[in-house]
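Before any comments, here is the structure.
Every chain is numbered from 1, with letters handed out A, B, ... down the list of sequences.
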Amino acid sequence: MARPSPLPALAWAAVATLYGIVFLGAESEREVGALLALAAAAIALGARLRLVDKIRASIGSNERAFDVAALAGVLVAAFWFHEEHFVILMMTTALLLMVASLGLTIQFGYAGVVNFAGAAFLGVGCYTAGVLTKYTALPSFMTLPLGGLMAALIGSILILPVLRTRGHYAALVTIAFGILFKVFLEVNDTLGGPQGIQVKPLVLFGWNFNSPIRIGDFTASFYFSYLLLALVLLLISFALVRRLERSWIGLSLDAIRLDEIASACYGLDLARWKVFAFTLGNFLAGVAGAAYGHVLGFIAPNNFTFGDSLILVSIILLGGIGNLWGVAVAAAFVVILPEKFQVIQEYRFALYAVLVILILLFRPQGLLPRQLREYVGRAERLR
Amino acid sequence: MDIALQYLINGLMLGVMYALVAVGFTLFFGVLDVIKFSHGDVLTVGVFTALATYLALRAAQVSSPILQLIVISVVGMAAMAALGAVIARALVLPLRLAPALNTLLITLMLGTVLREGVRLIFPDGSNPKPFPALLPTTAFSWGHFNLRLDSLILLVAGVAMIIAVHVLINKTKLGLAIRAVAQDGETARTMGINFTFVVLITFAIGSAVAAFAGVMNGLYYNEINFGMGLLLGVFGFSAAVVGGLGNIYGAILGGFLFAGLQTVGAVALPFASAYKDVFALAVIIAIMTWRPTGLIAEKSSERV
């Protein structure tokens, strides 16, 4: 079998970038609606013409090229809008939510550990950033690793309950924790109560992230540094999660999700891998949260409700559980759509919930289902 | 002493409400082995339906409180019975053979749809709404202790509802069918029981009982909000779990146990009532850790 050409993948990346730029730049709701209809029609047509399969095969065997193309696409879009605060903020938010969703993917998608408190762990990161910059003189970039560590640490309170419970019971534990976290923030005065807390800007090597960039003639929004930071975080976590998925660790996690008893019989330590997945996932959510806190500048308990946790779950379900690109696309969709369609903003929780219900009823594997591991195929292709 | 009695009444009231919600969870789990996470939000929809009915009645110049009370309770419960059956028909039954996670997710998302639906459709739904006090508020006093007649009526009504459910499940033919399906759906079918009908009617009963609990809650606190069902649902589910899912007495016991713990916690803990929900939720997590499938453990054996 001939190795599929990289052209479809690269062409797809270019088209997606172009579409993204036009979409982000769309001003009126009519334009946005037309663009959405166009995308739906294009996808339907592509599926009919088997273009989707071709692109998918091409991406599958030209991964490095596609990764670079996708990164380039984000950078092109970022530079295109470099002076538009709002667009850059949206992109940054989407990138950070992708990081958090990658964390949830490790939990839900690989190890099968349910976590309905995603927003709470994001919130732990945010509040860590807030508290550290407010009460301590630590260098502010330390908030990122510490936010992650704090989320992992607070998550470790839940390790025992999560390990001992399964299914609905585990769901109950995390739901209870998510609500507990928000109520706790609301009644705790040190953390600002319902009004929330201010997060000071990130300062790295003397560079204040909140100041606008000026290099020669080039000026960029004050969110631009955060966008680059978010992109770096996403790159690192994306590489990490993908390597993880393809290593024997990912294989162990998959085995545990699919059949606990069988994997225990084969000598897999269930507790160890579940703790690993849960903690790593929370760590990623915490890091993303710390960065998000700096971006927002002001955080309140209402940013971390149970509804927000469910939106994170929606992201990984819409994208197709365990599919990293699917998660990326879904996160972008979920963040950007309500901002573009102001009408939706108020209805977004309900809208995504309905979408997920429809997906579960009619296409339970998600929009972009995760591909099976193919060992035989790849070996043959290399021959 | 007076304070203690006040707490006792309050605790009993909470216990009845939790028990009523827990009964729903346990009934659904009994017949279908599923957890319907939208149960709490069905309660919210029920109480808001009751409130809407009240407003309609008031607009129609019906001013007798007793008539109003009966009509809003009946409308709320009937509407939720229908909603519960529709949910079972449209979302829970089709996913019977899907992984348990899917049912869990679909009912969680449905809960969000209901909750947000109430918030968005009801005028100014984001803010708490006053719920009419339709019961006589005459107070009996013994020394410093005041017992209001409405609290007493609510308690009695709640207990009566629990007994009614008990009788329905244990003494009627329908209850026999429900118990048969709960024990073994396949065998029940071969005995000529209409499986789907029994499942739907069970969901209807559970949801109507939740609506009743919601109206009770509204009458007791005289204030309702769109998020009340989420918390009540979590507490009700925990109560059902603590008592052992699938067991009605367990659910009732769990409800009172839970309310007791919460009340004692609110009294005994130094950091006052601000943290009462935090405390209650922490207790849930702790109990789930200690007894992952409830105090009366679920029998679990798996065929491999």
Chain B contacts, top residue of [options] (heavy-atom pairs, under 4.5 Å):
| options | answer |
| --- | --- |
| A:V173, A:L172, A:V183 | A:L172 |
| A:L361, A:T305, A:L163 | A:L361 |
| A:V187, A:L355, A:V356 | A:V187 |
| A:F108, A:F116, A:F177 | A:F116 |

Problem set entry | Residue pair A:V354 / B:M109, side-chain heavy-atom distance below 4.5 Å |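 A side-chain contact is absent here, since even the closest heavy-atom pair is not under 4.5 Å.
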Exercise. Between B:K36 and B:S207, is any pair of side-chain heavy atoms under 4.5 Å apart?
Worked result: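 Yes, at least one pair of side-chain atoms sits under 4.5 Å.
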Problem set entry | Ring geometry between B:F258 and B:F235 (parallel below 30°, tilted from 30 to 60°, perpendicular above 60°) |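 The rings of B:F235 and B:F258 sit tilted, inter-plane angle from 30° to 60°.
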Seminar exercise, completed: If you tally heavy-atom pairs under 4.5 Å between each of B:V278, B:L110, B:V234 and chain A, the highest tally belongs to B:V278
Problem set entry | Among B:I35, B:T112, B:T107, residue most engaged with chain A (heavy-atom pairs, under 4.5 Å) |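 Option with the greatest count: B:I35.
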Problem set entry | Structural part of A:I179 lying under 4.5 Å from a heavy atom of chain B |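 Interface part for A:I179: both.
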Problem set entry | A:V162 portion near chain B, given a 4.5 angstrom heavy-atom threshold | neither
Problem set entry | From OH (A:Y110) to CZ (A:R257), nearest 0.5 Å |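 One finds 9.0 Å between OH of A:Y110 and CZ of A:R257.
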Seminar exercise, completed: Rounded to the nearest 0.5 angstrom, the CD1-CD1 distance for A:I311 and A:I316 is 13.5 Å
Segment of [X] engaging chain A (4.5 angstrom heavy-atom cut-off):
| X | value |
| --- | --- |
| B:L104 | side chain |
| B:L114 | neither |
| B:L108 | both |
| B:L120 | side chain |

Would you be so kind as to tabulate the donor-acceptor pairs closer than 3.5 Å made by side chains of residues 79-102 of chain B, with sequence neighbours excluded?
none

For this session: Answer yes or no: are there more than 12 heavy-atom neighbours, outside B:E223 itself, under 6.0 Å from its atom CD?
Result: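 Counting neighbours around CD of B:E223, more than 12 heavy atoms of other residues, nucleotides or ligands fall under 6.0 Å, so yes.
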For this session: Go through the structure and list residues passing side-chain contact (heavy atoms from CB on, under 4.5 Å) with A:S309, not counting sequence neighbours.
Result: A:A119
